[in-house]
> 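Encoded as structure tokens, here's the structure I'll be asking about.
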Amino acid sequence: MPATTAHRRHQAPRAALGQREAGALMIGLGSYAFFWQQSEQAEAPLALIGALERTAELGVGLFQICDYAPLLAMSPAEIREVALAARRLDIRVELGTKGVAPDHLRTFLRLAEEFDAELVRSMVYAPGFRPSLDEAAELLAAAMSDYESAGTTLALETYEQVPTRDLVALVERVGSDKLGICLDPANVVAGLELPRDAVELCGPLTRNVHAKDFAFARQDGWVGFTYGGAPMGQGLHDYPHLLAAVRPEQRGINEIVEHWLPWQGDIKTTVEAEIAWTVTALDYLRSNR
């Protein structure tokens with residue numbers, strides 16, 4: 001993709017969204033904040049444009065389309081329709097996928113151009129493809145020149161399948177100023193890491209934050225624990241520590257609301273809880289800016 005074309009496409013929505021300076025922090029919602037509303041359990045699953053409309057209703061100007069399976073099956077006309085809806089609603093878009101295969105990353109770079117997205121979140125592993133760290137470094141090096149030319153950031157997410165130190169070393173090894181980390185401290189606990197340690201390791205390389213709270217709960221009969229989500233500010237996540245270490249507002253790093261909301265017994269109750277958790281998270285993040 002020629003850099004000049006990418007530059008023109010990225011500049012257009014900035015003029016339309018003149019309320020926000022380029023690089024400034026935004027609080028956004030991600031697909032995982034609509035997990036149950038978009039699921040097959042819902043009587044009428046929420047479509048992507050519907051999620052954008054609800055995002056706008058909450059006064060939020062950023063949406064991360066993350067691990068949204070129907071995206072790659074959409075026709076060019078359908079993609080344009082969603083992108084136009086985002087612009088009409090004054091919502092900036094980020095994208096999220098999995099994997100580091102260059103062809104796949106270029107596919108998402110083309111989608112990023114359609115959505116005027118400045119960031120693509122990914123993960124080292126994809127379904128059916130688990131490269132070694134050496135292989136991942138070679139694959140990323142092959143893809144990053146296109147991201148650099150387009151001015152688009154690729155952020156690899158912290159999660160339990162790749163130790164945080166290894167992820168940091170991978171990003172440093174590739175050495176692109178458009179490659180960084182999507183920091184989600186909740187994920188690393190399953191790899192027996194402490195969230196605070198992950199925050200401190202990733203702080204300088206963080207380009208995106210997934211904001212969700214988490215907690216342990218005793219199982220019935222006191223036979224172990226369940227690790228899951230909690231309303232933002234009511235769990236174990238030391239979010240003030242993350243703010244101090246990462247400084248998202250000063251560095252223009254967007255914070256994307258997600259949830260790990262367990263099933264609440266029926267879809268109506270679960271969706272109501274999901275909406276309530278979103279409002280709680282937005283209130284919490286806004287009050288801590």
Side-chain angles (χ1 to χ4, degrees), residues 30-35 38-39 64-73 94-112 117 119-148 150 152-195 197-212 214 227-229 246 253-254 256 258-260:
S31 297
Y32 286 102
F34 293 88
F35 179 83
Q38 293 189 312
S39 72
Q64 188 175 92
I65 306 171
C66 191
D67 299 342
Y68 182 72
L71 186 65
L72 288 177
E94 295 178 348
L95 298 178
T97 186
K98 295 177 180 177
V100 294
D103 287 347
H104 183 70
L105 290 178
R106 291 183 187 112
T107 294
F108 268 81
L109 187 57
R110 289 192 292 272
L111 287 170
L119 182 138
V120 175
R121 163 275 202 188
S122 195
M123 306 175 98
V124 175
Y125 298 155
F129 183 50
R130 295 170 63 92
S132 69
L133 293 175
D134 286 342
E135 290 169 335
E138 292 178 5
L139 294 170
L140 286 165
M144 287 315 300
S145 61
D146 290 331
Y147 275 76
E148 292 163 1
T152 303
T153 296
L154 179 66
L156 300 177
E157 185 166 352
T158 55
Y159 69 132
E160 72 283 356
Q161 296 184 45
V162 177
T164 302
R165 287 189 182 278
D166 289 348
L167 184 66
V168 168
L170 173 63
V171 171
E172 291 178 337
R173 176 176 173 181
V174 176
S176 169
D177 63 357
K178 287 298 177 181
L179 179 65
I181 287 176
C182 173
L183 177 59
D184 189 332
N187 291 342
V188 307
V189 175
L192 299 182
E193 294 187 48
L194 294 176
D197 292 348
V199 167
E200 291 174 7
L201 281 168
C202 295
L205 294 172
T206 296
R207 300 293 180 267
N208 198 237
V209 171
H210 280 177
K212 62 173 173 280
F214 46 87
Y227 179 58
V246 177
I253 296 171
N254 295 336
I256 306 298
E258 295 189 339
H259 309 309
W260 276 345

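Fair warning: this is a prediction, and the values are worked out from it, not measured in the lab.
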> Taking all non-hydrogen atoms of both residues into account, name the closest pair between Leu119 and Ala155 and its distance.
CD1-CB, 4.2 Å
> Are Trp260 and Lys212 packed together at the side-chain level, in the sense that at least one heavy-atom pair is separated by less than 4.5 angstrom?
yes
> Can you measure from CD (Glu157) to OG (Ser122) and round to the nearest 0.5 angstrom?
9.5 Å
> Provide the closest heavy-atom pair for Val188 versus Ala198 in the form atom of the first, atom of the second, distance.
CG2-CB, 4.0 Å
> With rounding to the nearest 0.5 angstrom, report the SG to CD1 distance, Cys202 to Ile181.
4.0 Å
> With a 4.0 Å cut-off, would you call Arg173 and Asp134 a salt bridge?
yes
> Side-chain contact test, heavy atoms from C-beta onward, threshold under 4.5 Å: evaluate it for Leu154 versus Leu140 and give yes or no.
yes
> Are Val124 and Tyr159 packed together at the side-chain level, in the sense that at least one heavy-atom pair is separated by less than 4.5 angstrom?
yes
> How many angstroms lie between atom CG of Leu111 and atom OG1 of Thr152, to the nearest 0.5 angstrom?
11.5 Å
> Is any side-chain heavy atom of Asp67 closer than 4.5 Å to a side-chain heavy atom of Ser31?
no
> Mind checking the OH-CG spacing from Tyr68 to Leu95? Nearest 0.5 Å is all I need.
13.0 Å
> Please report the closest heavy-atom contact between Pro131 and Ala136, naming both atoms and the distance.
CB-N, 4.1 Å
> Quick one: CZ on Arg110 to CG on Leu105, what's the gap to the nearest 0.5 Å?
11.0 Å
> How long is the straight-line distance from CD of Glu258 back to CG of Asp184, given to the nearest 0.5 Å?
5.5 Å
> Does Leu109 reach the side chain of Val120, with side-chain heavy atoms less than 4.5 Å apart?
no
> If we only count heavy atoms from C-beta on, is the Gln161 to Met123 side-chain gap below 4.5 Å?
no
> Can you tell if the side chain of Leu167 reaches within under 4.5 Å of the side chain of Leu205, non-hydrogen atoms only?
no
> What verdict does the side-chain hydrogen bond (donor to acceptor under 3.5 Å, both in side chains) test give for Glu148 and Ser176, after you've listed the backbone C-alpha separation in whole Å, the side-chain angles of each residue and the deciding distance to 0.1 Å?
CA-CA 8 Å; Glu148 292 163 1; Ser176 169; 2.6 Å; yes
> Without hydrogens or angle criteria, can the side chains of Asn254 and Gln64 be said to hold a donor-acceptor pair below 3.5 Å?
no
> Less than 4.5 Å apart, side chain to side chain, heavy atoms only: is that true for Thr164 and Asp197?
no
> What closest approach, in Å, do Arg165 and Leu201 show between heavy atoms, and which atom pair accounts for it?
NH1-CD2, 3.5 Å
> Mind listing the closest non-hydrogen atom pair of Pro163 and Glu193 along with its distance?
CA-OE2, 3.5 Å
> Start with the C-alpha distance between Val162 and Tyr125, add both sets of side-chain angles, then the distance that settles side-chain contact (heavy atoms from CB on, under 4.5 Å), and finish with yes or no.
CA-CA 9 Å; Val162 177; Tyr125 298 155; 4.1 Å; yes
> Please verify the inter-ring angle class for Phe108 with His104; under 30° counts as parallel, over 60° as perpendicular, anything in between as tilted.
tilted
> Heavy atoms only: give me the nearest Phe214-Ala186 pair and the separation to one decimal.
CD2-CB, 3.4 Å
> So, Arg121 side chain and Thr97 main chain: donor-acceptor pair closer than 3.5 Å or not?
yes
